[in-house]
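Notes follow once the structure below has been shown.
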Amino acid sequence: MTEDRIGQTVTVAGWVQRRRDHGGIVFVDVRDATGIVQVVLDPTEIPEAHRLRMEFCVSITGEVRARPEGTVNPDLATGRVEIGATGLEVLSPADTLPFMIEDRVEVDERTRLEFRYLDLRRPSMAANVVARSRAIAAMRRVMDRLGFLEVETPTLIVSTPEGARDLLVPSRLRPGTFYALPQSPQLFKQLLMVAGVERYYQVAKCYRDEDFRADRQIEFSQLDLEGSFWGREEVLETLEEIVVEVVRELRGVELERPFLRLTWQEAMDRYGTDKPDTRFGMEIVDLSDVFAETEFRAFSATLDAGGVVRGFNAGGQETSRSRLDGLVERARELGAKGLVWMVVQPDATLRSPVAKFLSDDELAAVVERLDARPGDLLLVAADEWRTAASVLGQLRVELGRPAGHRELAPLFVIDFPTFEPTEDGGWAPSHHPFTAPVDVDQMASDPEHSISWAYDLVLNGAELGSGSVRIHDPEVQAKVFDVLGIEPEEAERRFGWFLRGLRYGTPPHAGFAIGIDRFVSILRDEPNIRQVIPFPKTQTGADPLTGAPSAVADTHLAELGIMLRPGLGADDR
RNA sequence: GGGGGCGUGGUGAAGUCUGGAGUUCACGCCGGCCUGUCAAGCCGGAGGUCGCGGGUUCAAAUCCCGUCGUCCCCGCCA
């Protein structure tokens, strides 16, 4: 609706974004999915103009004309023209709104979800819907270009008690038994490789019944993909193609390839996390050797016990005593035994509560290692390696993460450990039990140091997804189960249907899954994924719009052979 | 399972610390005036179980206990 339509008679249908009723003349901004245009109504010709209210759905006919001198609105794409109305039809009036359809109003999120259909009319939310669609379209475009087949897998599957809690669906035809909703299409996509599909992808809904977070919902979407005769390189190259295409589509920028790669060990050592945010420095530095001979008990005791002393330069920060005490408190919350702060003075000496316990050489070495300049705040932790890493990593992010996230820093973390220790002294898969170890013999003899062919995609410090080269040899699979303490009988009972499939000529294969909600929310600068999910749930799993989850009729339960335990609070139906 | 923030006309906020009449501001809604606005303006009006329950007090939005809802975080998320 621009100047090239001047003189044309048009009909616009949409919603009343705003009305400005001057009595003798009425201006109405009409909004549809494509934009906003100003309509001018003369109440002497169209008396109904006075009745218009926000969000009425209307159809207006009139002539497009140039706006009079001095009334052009440069903020509007259609601001040089207006429609002189000759006819007005109210297609549907609107009740008084629960909130206004504008971005600048912050509304309680529960209310937004209860009236999500109105919330989605807000420009930024409408743009999120568009962005999500375009992101998925870009993904499909790449997959199609690379010769992938989109294959659907079932959402009512067998429960495999492993990983997250399953969501269960009772079976009517087989009372007392349950389907599970898939946590991912993992095993089905591997069987598609056995089936000879070779290049598979799917935009898949996944379900994990764990507690909610800003970046976690009970149901979410993944771009799931898998390739036969593939190893890690093929997967990572494909991922780069996808990420570059989606970022180009949503941000209009061209990411550099190849993406940065860090091994898991490097990521943990330098950033204290397996999902580093590399948009800023403040890298963590090992100081253990600096304090190898230290007199300072807190450090020497930790080192003697096999721990580490590490720190990072937080740069220029507010260094009031209360702030510094707060950081120490925060470190304790995060599990550290303590935290040592040092503030670099103008003469390059260090102000620190522990300075008097440290030698001049040690202090000088710290300044040098951390490249410290006057005004810098240095944070040092002495602890068991993993604790030191996670505490410093968390503090680094809290002190350094840039506001907003316009920059994009994608990277791959590779060479994940195959296992992580469990509380009872055993081993749990750090990715999943179908992940191929790099060295099978070492995996069996030294599980602690075994590296697997697992990798993550990280964007701005958020885990966008993970994948791995899979085990295609039943012998290797059996050895992994052995390390995990899963007896062959148990493996057969839980995964037999899948393991049988591996015994009929399984091609080597590898794959990945990208979290679509997280990806789009980062590219849209949204602080949580609910903003890019049209109908999300609250932190307690409720949908304020529909009232889900709800109690159901006793007759319905009886049909399923289900009797509820008393006192669950859901029996007030 | 645990820690923290928030809950006040339809919406957003102030008032809560330090108890004293449901008080205030902006938007919306209703009525009136108004022919060039674009967050229109001006005048008038309606609209409340201060989330809910209990307690302390002469008196509770305010203090205490409990509970519900919501958000953030830890645990959890192969």
Side-chain angles (χ1 to χ4, degrees), chain A residues 17-30 36-45 49-51 53-55 67-76 78-79 82 84 94-115 118-119 160-166 183-184 186-187 206-218 220 330 332-335 390 394 398 416 418-420 422-423 427-435 452 454 463 466 468 480-481 484 486 494-495 515 527-528 530 536-542 544 569:
Chain A
Q17 173 73 31
R18 206 98 211 176
R19 77 192 155 94
R20 292 175 294 280
D21 186 344
H22 291 228
I25 184 170
V26 177
F27 299 97
V28 171
D29 295 335
V30 175
I36 289 179
V37 67
Q38 171 167 286
V39 176
V40 185
L41 302 103
D42 180 350
T44 58
E45 287 177 28
H50 290 308
R51 304 177 54 85
R53 292 293 181 272
M54 290 204 289
E55 297 306 315
R67 291 200 190 188
E69 190 80 19
T71 64
V72 166
N73 183 350
D75 297 333
L76 227 52
T78 60
E82 62 189 15
D95 285 352
T96 299
L97 299 169
F99 50 81
M100 279 184 290
I101 310 303
E102 288 176 345
D103 280 339
R104 60 196 160 84
V105 185
E106 276 205 22
V107 186
D108 173 62
E109 199 165 331
R110 206 207 111 85
T111 309
R112 290 175 53 197
L113 293 184
E114 186 179 347
F115 297 90
L118 296 180
D119 193 36
T160 54
E162 189 72 40
R165 273 182 216 96
D166 279 330
Q183 296 177 27
S184 77
Q186 182 62 36
L187 298 182
C206 304
Y207 305 84
R208 292 178 193 173
D209 190 6
E210 299 294 343
D211 287 354
F212 287 65
R213 283 282 192 287
D215 62 354
R216 269 164 35 191
Q217 283 268 311
I218 193 168
F220 60 98
R330 178 70 182 138
R332 292 218 172 90
E333 278 171 24
L334 294 168
S390 67
Q394 186 64 38
E398 288 174 14
F416 271 76
T418 312
F419 307 105
E420 50 195 45
T422 60
E423 285 172 10
W427 297 105
S430 71
H431 183 47
H432 59 52
F434 314 105
T435 302
S452 73
E463 180 192 321
S466 50
S468 62
V480 170
F481 283 142
L484 293 172
I486 299 173
R494 280 158 67 171
F495 308 110
N528 69 62
R530 294 186 300 279
K537 289 168 183 55
T538 68
Q539 200 163 57
T540 52

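Letters A, B, ... are given to chains in the order of the sequence lines, protein chains preceding strands, and every chain is numbered from 1.
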Check your understanding: Considering Watson-Crick and G-U wobble pairs with both distances under 3.5 Å, what does rC29(B) pair with?
Key -> rG45(B)
Check your understanding: Want to settle it: does Pro98(A) or Leu76(A) sit nearer the 5' end of RNA chain B, counting the closest nucleotide to each?
Key -> Pro98(A)
Practice item. Could you state the atom-to-atom distance from CD of Glu106(A) to P of rA13(B) in whole Å? Key: 7 Å
Exercise for review: Would you mind classifying the nucleic acid contact of Glu82(A) as base, sugar-phosphate or nothing, using non-hydrogen atoms under 4.0 angstrom?
Suggested key: base
Study note, to complete from the structure: Of Val107(A) and Arg104(A), the one whose nearest nucleotide on RNA chain B sits closer to the 5' end is Val107(A)
**Study point:** Separation between the P atoms of rC27(B) and rU67(B), rounded to whole Å
**Key:** 41 Å
Check your understanding: Counting any heavy atom closer than 4.0 Å, what does Pro68(A) reach on the DNA or RNA strands: base, sugar-phosphate only, or nothing?
Key -> base
Exercise for review: Taking atom C1' in both rG15(B) and rU37(B), compute the distance separating them and give it to the nearest angstrom.
Suggested key: 36 Å
**Study point:** rU37(B) pyrimidine/purine six-ring stacking with Phe27(A), under 5.5 Å and 30°
**Key:** yes
**Study point:** Same-atom distance (C1') from rG51(B) to rC71(B), integer angstrom
**Key:** 16 Å
Check your understanding: Do Ile218(A) and Phe212(A) pass the side-chain contact (heavy atoms from CB on, under 4.5 Å) test, and can you show the C-alpha distance, the side-chain angles, and the key distance before you say yes or no?
Key -> CA-CA 7 Å; Ile218(A) 193 168; Phe212(A) 287 65; 3.5 Å; yes
**Study point:** Sorted by number, the residues of residues 37-45 of chain A with heavy-atom contact under 4.0 Å to RNA chain B
**Key:** Gln38(A)
Revision key, fill the gap. Applying the 3.5 Å cut-off to both distances, the Watson-Crick or G-U partner of rC50(B) turns out to be none
**Study point:** Pairing residues for Thr111(A) by the side chain to side chain donor-acceptor pair (under 3.5 Å) criterion, not counting sequence neighbours
**Key:** Asp108(A)
Review point. Between atom NE2 in His432(A) and atom P in rC77(B), what is the gap in whole Å?
Key: 15 Å
Check your understanding: When all nucleic acid strands are considered with a 4.0 Å heavy-atom cut-off, which category describes Ala164(A): base, sugar-phosphate, or nothing?
Key -> sugar-phosphate
**Study point:** Closest approach of Arg494(A) to Thr160(A) (non-hydrogen atoms, all atoms of both residues)
**Key:** O-CG2, 4.0 Å
Study note, to complete from the structure: In 5'-to-3' order, the base (B), backbone-only (S) or no-contact (-) status of each nucleotide in nucleotides 26-34 of chain B, using a 4.0 angstrom heavy-atom cut-off, is -SSSSS--B
Exercise for review: Determine the Euclidean distance between corresponding P atoms of rA59(B) and rG54(B); express it in Å to zero decimal places.
Suggested key: 15 Å
Exercise for review: May I ask which nucleotide in the shown strands pairs with rG20(B), Watson-Crick or G-U wobble, both distances under 3.5 Å?
Suggested key: rC58(B)
Exercise for review: Would you indicate, yes or no, if rU37(B) has its OP1 or OP2 atom less than 4.0 angstrom from a side-chain nitrogen or oxygen of Arg20(A)?
Suggested key: no
**Study point:** Separation of the P atoms in rG4(B) and rG20(B), to the nearest angstrom
**Key:** 27 Å
Close N/O contacts between protein and nucleotides 2-9 of chain B (under 3.5 Å):
none

Study note, to complete from the structure: Looking only at heavy atoms, the pair that brings Asn528(A) and Ala214(A) closest together is CB-O, 3.3 Å
Exercise for review: Could you please name the partner base of rC38(B), counting Watson-Crick and G-U wobble pairs only when both distances are under 3.5 Å?
Suggested key: none
Review point. Taking atom P of rU11(B) as reference, at what distance in whole Å does atom CG of Asp119(A) sit?
Key: 14 Å
Point to revise | Assigned partner base of rG9(B), Watson-Crick or wobble definition, under 3.5 Å | key: none
**Study point:** Separation between the P atoms of rC64(B) and rG19(B), rounded to whole Å
**Key:** 11 Å
Check your understanding: Can you tell me how far C1' of rC77(B) sits from CG of Asp166(A), to the nearest Å?
Key -> 13 Å
Point to revise | Expected output: side-chain Thr78(A) to main-chain Ile36(A) donor-acceptor under 3.5 Å | key: yes
Point to revise | Base-contact (B) and sugar-phosphate-only (S) positions in nucleotides 67-74 of chain B, heavy-atom cut-off under 4.0 Å, - elsewhere | key: --SSBBSB
Study note, to complete from the structure: Sequence neighbours excluded, the answer for salt bridge (Lys or Arg N to Asp or Glu O under 4.0 Å) partners of Glu55(A) is Arg31(A), Arg121(A)
Review point. Nearest-Å distance, CG (Asp29(A)) to P (rC38(B))?
Key: 11 Å
Exercise for review: Write down the distance separating the C1' atoms in rG48(B) and rU23(B), rounded off to the nearest Å.
Suggested key: 12 Å
**Study point:** Test side chain to side chain donor-acceptor pair (under 3.5 Å) applied to Arg67(A) - qualifying residues, sequence neighbours left out
**Key:** none
Review point. Can we say Glu210(A) and Arg208(A) salt-bridge, meaning some charged N sits less than 4.0 Å from an Asp/Glu carboxylate O?
Key: no
**Study point:** ring pair (Phe, Tyr, Trp, His ring centres under 6.0 Å) partners for Phe434(A), two or more places apart
**Key:** His432(A), Phe495(A), Phe498(A)
Practice item. For Glu463(A), check side-chain contact (heavy atoms from CB on, under 4.5 Å) against everything at least two apart and list the hits. Key: Lys275(A), Asp456(A), Ser466(A), Arg518(A)
Point to revise | Pair Arg20(A)-Gln38(A), side-chain contact (heavy atoms from CB on, under 4.5 Å): steps then yes or no | key: CA-CA 10 Å; Arg20(A) 292 175 294 280; Gln38(A) 171 167 286; 2.9 Å; yes
Exercise for review: Could I get the full list of ring pair (Phe, Tyr, Trp, His ring centres under 6.0 Å) partners for His50(A), not counting sequence neighbours?
Suggested key: none
Check your understanding: Which part of the nucleic acid does Pro433(A) contact within heavy-atom distance under 4.0 Å: base, sugar-phosphate only, or nothing?
Key -> base
Check your understanding: Does Arg165(A) come within less than 4.0 Å of Asp209(A), counting only side-chain N to carboxylate O?
Key -> no
Check your understanding: When rounded to the nearest Å, what value does the distance between P atoms of rG7(B) and rG75(B) take?
Key -> 28 Å
Exercise for review: Any chance you could lay out the side-chain contact (heavy atoms from CB on, under 4.5 Å) test for Leu113(A) and Asp119(A), step after step, and finish with the verdict?
Suggested key: CA-CA 7 Å; Leu113(A) 293 184; Asp119(A) 193 36; 5.6 Å; no
**Study point:** Partners passing side chain to side chain donor-acceptor pair (under 3.5 Å) against Arg216(A) (at least two apart in sequence or in another chain)
**Key:** none
Review point. Please give, in whole Å, the distance from rA39(B) P to Ile36(A) CD1?
Key: 11 Å
Point to revise | Integer-rounded Å distance: rG10(B) C1' and Phe115(A) CZ | key: 9 Å
Review point. Considering residues at least two apart in sequence or located in another chain, which fulfil the side chain to side chain donor-acceptor pair (under 3.5 Å) criterion with Asp103(A)?
Key: Ser124(A)
